[in-house]
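Read the structure below first, then the notes.
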Amino acid sequence: MNLEVLEEVKEKAIEDHIPIIMDDTLNVIKEYLEEMKPNRILEIGTAVGYSSSQFVRIAGEQVEIDTIELDEGRANLAIKNIKRIGIEKNIHVMIGNAVEILPTLTGPYDVIFIDANKGKYPFFLVEALRMSHKGTIIFADNVLYKGYVLSDYNKHKQRTAVRHLREYIAEAISNEAFDTQISTVGDGLAISIVK
Ligand code: SAH
Ligand code: MG
């Protein structure tokens, strides 16, 4: 795969203020992927294909990734980027709303990366669990949302998102189906291993 193009995709995304995965967050996920060598990954929130391309680099040739993106322009750019990087056989971009697409998928997936609209995280977790097996790792990015989630700050215009993220964390921690850790890396990363 062409790592120079991957770097170019990253730089361009940063320039265009597209919220791609932070380096520190990717490094945490990398440790899990290297240990697990997953065959099937599901990503919710493709943006321009940066994180999914990194997952191929880390997980290796065998990996197959299904990734969902609502914004058609971004999804088409992701498809283009993935071709230029040379990993189009590894990544399948689905264009549409994950809320509608997820119920049409069956899985199971070895790794699921939730990185889309925060208001739907609780629903994404239910769908992720449905498509998991013992040992599946469910990562959810941005769960601490700039610190709002753990503070008592309630007047922010994003309070609905904050409420849903708190709900996500509470469910991930209390549901006996998972072992969950909340890492403060980056913007907050929930790591749930299915028991
Ligand atoms: N994972 C990417 C960044 C994703 S940014 C990376 O690290 O490189 C979040 C993306 O989720 C945005 O592009 C946004 O358009 C998309 N998104 C938001 N709500 C969505 C939904 N309901 N279904 C699918 N994609 C959604
Ligand atoms: Mg994110």
Side-chain angles (χ1 to χ4, degrees), residues 1 3 5-30 32-33 38 41-59 63 65-82 84-85 87 90-105 109 111-128 131 137-149 158 160-162 164-165 168-169 182-192:
M1 66 188 281
L3 296 179
V5 177
L6 178 58
E7 192 56 32
E8 202 184 287
V9 167
K10 178 187 184 183
E11 298 300 324
K12 179 81 168 71
I14 292 169
E15 202 182 297
D16 293 343
H17 304 287
I18 292 164
I20 57 168
I21 191 166
M22 293 169 81
D23 291 342
D24 291 351
T25 306
L26 184 63
N27 278 329
V28 171
I29 294 178
K30 182 171 181 265
Y32 287 88
L33 297 189
I41 298 178
L42 171 66
E43 175 180 72
I44 308 172
T46 317
V48 294
Y50 176 69
S51 51
S52 53
S53 298
Q54 282 289 0
F55 296 160
V56 174
R57 183 180 67 83
I58 295 161
V63 79
I65 304 181
D66 288 333
T67 181
I68 310 173
E69 175 54 50
L70 178 63
D71 183 286
E72 213 179 320
R74 278 191 186 176
N76 286 324
L77 183 54
I79 292 167
K80 221 167 85 185
N81 288 337
I82 290 161
R84 285 177 62 222
I85 296 167
I87 49 175
N90 300 95
I91 304 177
H92 174 219
V93 180
M94 289 175 269
I95 308 177
N97 191 337
V99 173
E100 283 150 28
I101 292 176
L102 287 170
T104 71
L105 304 178
Y109 294 97
V111 170
I112 299 174
F113 181 52
I114 301 173
D115 192 21
N117 56 326
K118 300 171 182 72
K120 287 294 171 199
Y121 270 37
F123 174 72
F124 295 155
L125 184 60
V126 171
E127 284 296 281
M131 292 189 275
I137 309 175
I138 302 168
F139 296 101
D141 193 21
N142 310 97
V143 289
L144 298 180
Y145 200 11
K146 302 175 183 170
Y148 301 143
V149 171
Q158 303 293 4
T160 312
V162 169
H164 285 110
L165 291 172
Y168 182 98
I169 291 171
I182 308 294
S183 166
T184 57
V185 73
D187 197 25
L189 181 71
I191 306 164
S192 301

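FYI, the numbering just counts along the sequence from 1. Source: prediction; values computed, not measured. Whatever order the structure lists ligands and atoms in, that order sets their numbers, starting from 1.
Among all heavy-atom pairs drawn from Ile18 and Ala47, the shortest one is CG2-CB, 3.8 Å. The two residues Thr25 and Val185 come nearest to each other via the heavy atoms N-CG2, 3.8 Å. Heavy-atom minimum distance, Ile65 versus Phe55: CD1-CB, 3.7 Å.
Checked against Leu42 for a side-chain contact (heavy atoms from CB on, under 4.5 Å), the options Leu105, Ile114, Ile138, Val111 give a single hit: Leu105.
Within the sub-2.8 Å shell of the Mg ion (ligand 2), the protein contributes these N/O/S atoms: Asp115 OD1, Asp141 OD2, Asn142 OD1.
Rounded to the nearest 0.5 Å, atoms CG (Asn97) and CD (Glu69) are 10.0 Å apart.
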Expected rows: ligand 1 N/O, protein N/O, dist below 3.5 Å:
from: ligand 1; atom 1: 1 (N); to: Gly45; atom 2: O; distance (Å): 2.8
from: ligand 1; atom 1: 1 (N); to: Ser51; atom 2: OG; distance (Å): 2.9
from: ligand 1; atom 1: 1 (N); to: Asp115; atom 2: OD2; distance (Å): 2.8
from: ligand 1; atom 1: 7 (O); to: Ile21; atom 2: N; distance (Å): 2.8
from: ligand 1; atom 1: 7 (O); to: Ser51; atom 2: OG; distance (Å): 3.2
from: ligand 1; atom 1: 8 (O); to: Ser51; atom 2: N; distance (Å): 3.1
from: ligand 1; atom 1: 8 (O); to: Ser51; atom 2: OG; distance (Å): 3.3
from: ligand 1; atom 1: 13 (O); to: Glu69; atom 2: OE1; distance (Å): 2.8
from: ligand 1; atom 1: 13 (O); to: Glu69; atom 2: OE2; distance (Å): 3.2
from: ligand 1; atom 1: 13 (O); to: Arg74; atom 2: NH1; distance (Å): 2.7
from: ligand 1; atom 1: 15 (O); to: Glu69; atom 2: OE2; distance (Å): 2.6
from: ligand 1; atom 1: 19 (N); to: Asn117; atom 2: OD1; distance (Å): 3.2
from: ligand 1; atom 1: 22 (N); to: Asn97; atom 2: OD1; distance (Å): 2.8
from: ligand 1; atom 1: 22 (N); to: Asn117; atom 2: OD1; distance (Å): 3.2
from: ligand 1; atom 1: 23 (N); to: Ala98; atom 2: N; distance (Å): 2.9
from: ligand 1; atom 1: 25 (N); to: Leu70; atom 2: N; distance (Å): 3.1

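Panel note: side chain Asp187, backbone Lys146; a donor-acceptor pair is recorded below 3.5 Å. No donor-acceptor distance shorter than 3.5 angstrom exists from the side chain of Asp24 to the backbone of Gly186, with no hydrogens or angles considered.
Residues meeting the ring-ring contact (aromatic ring centres under 6.0 Å, His included) test with Tyr121, sequence neighbours left out: Tyr168. Shown here are the salt bridge (Lys or Arg N to Asp or Glu O under 4.0 Å) partners of Lys120, two or more places apart in sequence or in another chain: there are none.
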